[in-house]
Amino acid sequence: MLGILAPLLLASAAVAAAVAPGTIAQLRDASDGDDWPAFGRTYGEQHFSPLTQIDTRNVARLGLAWSLDIETPGNSVTGPIEVGGTLYFASGYSMVHAVDVASGKLLWTYDPGAAEAAGRKLRQGWGSRGVAWWNGKIYTGTQDGRLIALDARTGKPVWSQMTVGKDDYRFISGPPRVFAGKVIIGHGGADSSDVRGYVTAYDAETGKRLWRFFTVPGNPADGFENKAMAMAAKTWAGEWWKHGGGGTVWNAITYDEALNRIYIGTGNGAPWSYRIRSAGQGDNLFLSSIVALDADTGDYVWHYQTNPGESWDYNAAMDMELATLPIDGKPTQVLMTAPKNGFFYVIDRRTGRLISAKPHVPVTWATGIDPKTGRPNEVAGIRFEDGKDFEMAPSPMGAHTWLPMAYSPKTRLVYLPSIELSSTFNDRGIDLKAWKRTPDNVLDEGLAASFPLDAIGKSSLTAWDPLAQTARWRVPTPGYWNGGVVATAGGLVFQGQIDGSFNAYDAATGKRLWRFDAKSPVIAPPISYSAGGRQYVTVLTGMGGSGAYLGPLLERFGLNPATQARRVLTFALDGKAALPPTRQGPVIIPPLANFRADAAAEGRGVITFAQRCGVCHGFRAVGVGAAPDLRASPVVRDAEAFAGLLREGPLASRGMPQFDELDAAQVADLRQYILSEADRASRRR
């Protein structure tokens, strides 16, 4: 790789000076691990640190070196990076921060004004999940769809490219990936209107667009961009292009330096209902797939589809780790991934051939994966043809979310945050022939998915053997949502939990060796790096700006989105810093004065809430992450203020979108539903 980089990095003294000493080699999988310059540290996305200063024998001495409170609203569940003694991360709506590792001093911030620019794109946005570094620049994506390069020393913009349409629902929440002088980015938005997925590669120095690959075919009458789209179109039926198709690449992108390929993990169909989207026919390529592309040209190489005819938000956009494993006695280049559907896959990344796949959690939708065809053996009834309910496990939240797993080349184990939660699907009462998506709705998918009101589920940190396809050990974790993972050569696995604990486990046995009470949920992926000869571990605290399924869980742990601490925590051996005072305590919901129930209005309001509000404000209007608990909101209790907030959008800069399409009756019904939930909650307490 250094041979590839040398002409670029040594082109001028100015360019060379912009690169911190000792950081160039850190992008290699064989690096010494001093820096963490990308979301997964290396191209292979292993989320593994080869550092050994902190190990199983001395981790009990780990202490807080410093903390930094994050004042920006929105998402704090983001993966930081570190290069040359400077920590970089994006909180909220892509507000990028640079912090000196040794002192914890804030060096600069950059605010792209994404929330104000995003408009309706805010309606299903999560803020930034991560940034990337390359050749003295920081790369970030924004909610309104821009890809921006910043000078890493000053935070000043170098270039900016709009990667999506101005008036569509595409947005960026995932971290960019940079490789061999190129930066690649996808987008989200398949849970809304008319979105066709793609990824785009740009020149990392200039921002010039190099190539784009669409993940689903467009209108045949317009012709196809390439042979891959012509092939994919044969797996669709009806007039799929009128719905967009989906297949967004909102998270998982992995670069294979050895084969010079990019692997993308694609998302769900749009709409979810297979019978609406594609007349109930065909595999619908490349939905819920891993697609290999030539890194130089973006040309299709191979694909593997995890869920043909996807209909349950079982997307394949979870992280993909690269490794070399002994398969049939031979060293084999493999890709490992655990998508939402509950199976763990090992794939020959040279050819796309399935090597093995086994469930790592209970699965009800399939009895297994056919080893010859690679296709799932589906259970009868999962496609709702009989009009009956089907309890799907995993739920649409997934058995593994975007919060990354880690692979340790030392133990040859994958450390996987597993989730066990089910949901019930049906499409009763939906006229499939007359169905039309309402453009302003976020979740309007042509079927119904419901969860138990108490959302019973569980989670675990699982040490998974990818060769034997079995768990070596499992550690139960609180609730049904757990944090991202990093593994280290010191024999440790670090993971945070929703109960506010940040933990270090023995990578060989799963024994917890260290625990820190962060007094706020620790869900973000941690990183580990070295600066000034000292190994550090850094993680961000606080829930994100979305997560419709998490409201009941936050209630269970007495978490209040309005008072949770959003912080950067950095640890080192013998660290002596103390946390600042932290406001804690559950949400207090005062009784309602003169409340009058109206079942009809509440019934209409809950539909509006589910389609427009639930993705951020959660089930039963319980706050999740940055979105407040509406049951306790004084604004909702004032009819005029509530209408003004929705119709005029005064809080757009803080992530609250405008809903100017709602008429007075809809606003009143929506308010009635929220007040009904507030009344029930206040009576329970």
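For the single chain, residues carry numbers from 1 onward in sequence order. These numbers were taken from a predicted model, which means no experiment stands behind them.
- Formation of a donor-acceptor pair under 3.5 Å by the Thr332 side chain with backbone atoms of Val334 is not found in this model.
- In this structure, the side chains of Phe39 and Pro404 come closer than 4.5 Å at one or more pairs of heavy atoms.
- Salt-bridge annotation for Arg212 and Glu225: absent, with no side-chain N of the basic residue lying under 4.0 Å from a carboxylate O of the acidic one.
- Judged by distance alone, the side chain of Gln143 and the main-chain N or O of Ala114 form no donor-acceptor pair under 3.5 Å.
- Residues Tyr255 and Asn260 bring a donor and an acceptor atom of their side chains to less than 3.5 Å of each other.
- A donor-acceptor contact shorter than 3.5 Å links the side chain of Gln53 to the backbone of Gln535.
- For the pair Arg41 (side chain) and Ile527 (backbone), a donor-acceptor distance under 3.5 Å is absent.
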Q: Check step by step if side-chain contact (heavy atoms from CB on, under 4.5 Å) holds for Met336 and Val414.
A: CA-CA 9 Å; Met336 302 177 292; Val414 172; 4.0 Å; yes
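- Side-chain contact of Thr541 with Arg567: a donor-acceptor pair under 3.5 Å is absent, judged by distance alone.
- Under 4.0 Å is where a charged nitrogen must lie from a carboxylate oxygen, and between Asp299 and Lys227 no such pair does.
- A donor-acceptor pair is defined here as one N or O able to donate and one able to accept, closer than 3.5 Å; no such pair exists between the side chain of Trp134 and the backbone of Pro37.
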Q: Could you walk me through whether Val249 and Phe213 pass side-chain contact (heavy atoms from CB on, under 4.5 Å), step by step?
A: CA-CA 10 Å; Val249 185; Phe213 180 83; over 6 Å; no
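- Glu205 and Asn135 form a side-chain donor-acceptor contact under 3.5 Å, judged by distance and modelled atom types alone.
- The two residues Met320 and Glu45 have their closest heavy-atom pair at O-CB, 3.5 Å.
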